[in-house]
Structure formats: C-alpha cells, structure tokens
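Just follow the structure's listing: the first ligand is 1, and inside any ligand the first atom is 1.
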Amino acid sequence: MASPSGDDGSPPGANDRRVAARLRAVEEGRHLTGVVPVGKAHDRLPAGQRLVEKWPVLDLGVHPDIPHDKWRLEIGGLVDRPVTLDWRAFSALPQSDMTNDIHCVTSWSRYDNRWTGVATDDLLDCVGPKADARFVLFRCADGYTTNLPLSRFAAPGSLIAHSWGGTPLSKEHGGPIRAVIPALYFWKSAKWLRRITLVGEDVPGYWEARGYHNDGDPWKEERYA
Ligand SMILES: Nc1nc2c(c(=O)[nH]1)N[C@H]1C(S)=C(S)[C@@H](COP(=O)(O)O)O[C@H]1N2
Ligand SMILES: [Mo]
C-alpha cells in the first residue's frame, strides 16, 4: 500500500506546526468572514454548515508556485493509456463550465462557484480506466493527498478546474489547476494537483489518515471518523 505522505521528499508531517496553527484558526472561526444571516439559509445548506460570501483559503500552509511551462499532470495506475499532460495538452481537452456549491468540513459553505476546466468524465475517456479501477488518489505539489471512489470522481459536476468565476484560479486557491468534487466536503478537492492515480484498493489520504471521515459526504455529515 502506498503511504499517505507527499511525493516531493518532505512528508506532510513536516508541516505539523503550520497544521496546528491552521486548526487553531479554524476553531476560532477566524476564516469565517462575511457570514450570511441565518435567515437566508435553506435546504441547499447541509446540516451544521454556515453560508459565507467570501472564499476562505485553507491548506497546509505551503503555496507552490507552478508556472504554466513547468506544470504537468500525470494520470496513471489502472488505466489503459497513462498520460502526462503539459499545459498545451490540458488546454486542448474539451472545456466545461460548471457551477456548484462548496461545503467545507470546517463548517463554511459557499454557493454558486462557476468553474471552468476539464470534466473528469472527459479525462477518463482519454486514459481508459481498467475494469478493476475502483478508487482515485490525488497527489499535489505541496505533498497533500486525498482519496475518493472512482464513482465520485467520475460523477457529473466533478472537474479539474483552471478558472473560477471566469478568471484563472489564484495560487492560494490551487492554481494553475485543482480538482473540484462538489458532492464531497472540500478537503477532497485537491489544490495544485499533480498526479491522479486509479487504484483497486482504497488508500487513505492526508486528512483521511488523521481522523477525517474516509468518504466525506456533507449530506450525511461524514466529517470525522
Ligand atoms: N494540495 C492541497 N489541496 C487541498 C488542501 C491542501 O492543504 N493542499 N486542503 C484541502 C482543504 S482541507 C480544503 S477545506 C480546501 C480549501 O480550498 P480553498 O483554500 O480554495 O478554500 O482545499 C483542500 N485541498
Ligand atoms: Mo478543509
């Protein structure tokens, strides 16, 4: 089994002080700016969530700088045609516009995020998943990893996004590209995505190995294990 640590040589554990600071900030609600009055919330909001208008930045504290000419996305594992896409190849894939809601496990939700990028369905068409592929592992340039079922990855609405609201994703939010998996808590939406691996057996990612729920469905409040 693969380890949940990063592939850049420094295990995510090296950032433990940053992680502690981040968790403190989350507990104090410091990232909850622009909270919308409760009256506006309705059944689009999963239980235990609060609606925000501003988009918080949450991560392990490392924001890798990846110029387009250095950027690569590898897709491999249980696929018929593994690929390494450069920026041109990624941009040449069919582009989709999708609008969806963000639900973060730390209790903020943000409605109507318009993303542009490549639908995960279209990516899977390129590589051809093998019959025994059942899970997906994301690896990121900051060492972060997260795991999800292939069915969640492939679901309508999931995409690998380069833009938000019609403008390129900022570095803080995962630019040049990030995964967006709207049906799951936002920790599954990997920023600075570098490698997508299809596997037969599930492998817990960074937070999944540290007490977060393995599945992370906000409609079932699958927050912590
Ligand atoms: N590469 C990477 N992706 C990541 C993370 C991270 O630390 N590194 N944090 C996750 C978590 S816990 C959340 S809530 C969202 C936050 O995304 P945002 O900063 O764009 O709001 O990114 C997710 N994707
Ligand atoms: Mo998160």
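Residue Leu60 places at least one N or O, backbone or side chain, under 3.5 Å from an N or O of ligand 1. Not one N or O of Trp187 is nearer than 3.5 Å to an N or O of ligand 1, by distance alone. Looking at ligand 1, you won't find any N or O of Asp59 less than 3.5 Å from one of its N or O atoms. At least one N or O atom of Lys191, backbone or side chain, sits closer than 3.5 Å to an N or O atom of ligand 1. Backbone and side-chain nitrogen or oxygen atoms of Ser189 are examined, and one is located within less than 3.5 angstrom of a nitrogen or oxygen of ligand 1. Residue Val57 has no N or O atom closer than 3.5 Å to an N or O atom of ligand 1.
The aromatic rings of Trp207 and Tyr212 sit parallel to each other, their planes meeting at less than 30°, with 60° as the upper class boundary. Using cut-offs of 30° and 60° for the angle between ring planes, the Trp115 and Trp55 rings count as perpendicular.
Heavy atoms of Lys188 stay at 4.0 angstrom or farther from ligand 1. Taking a 4.0 Å cut-off on heavy atoms, Gly174 fails to register as neighbouring ligand 1.
By the side chain to side chain donor-acceptor pair (under 3.5 Å) test, Asp215 is found to be paired with no residue, residues two or more places apart in sequence or in another chain being considered.
Atoms CD and CZ, from Glu53 and Arg110 in turn, are 8.0 Å apart once rounded to the nearest 0.5 Å. To the nearest 0.5 Å, the span separating OH on Tyr111 from CG on Leu45 amounts to 4.0 Å.
If you number the atoms of ligand 1 from 1 as listed, the ones under 4.0 Å from a heavy atom of Cys104 come out as 14 (S). Close approach of ligand 1 to Trp207 (heavy-atom distance below 4.0 Å) involves ligand atoms 12 (S).
Residues Glu172 and Trp192 approach most closely at O-CZ2, 4.0 Å, considering heavy atoms.
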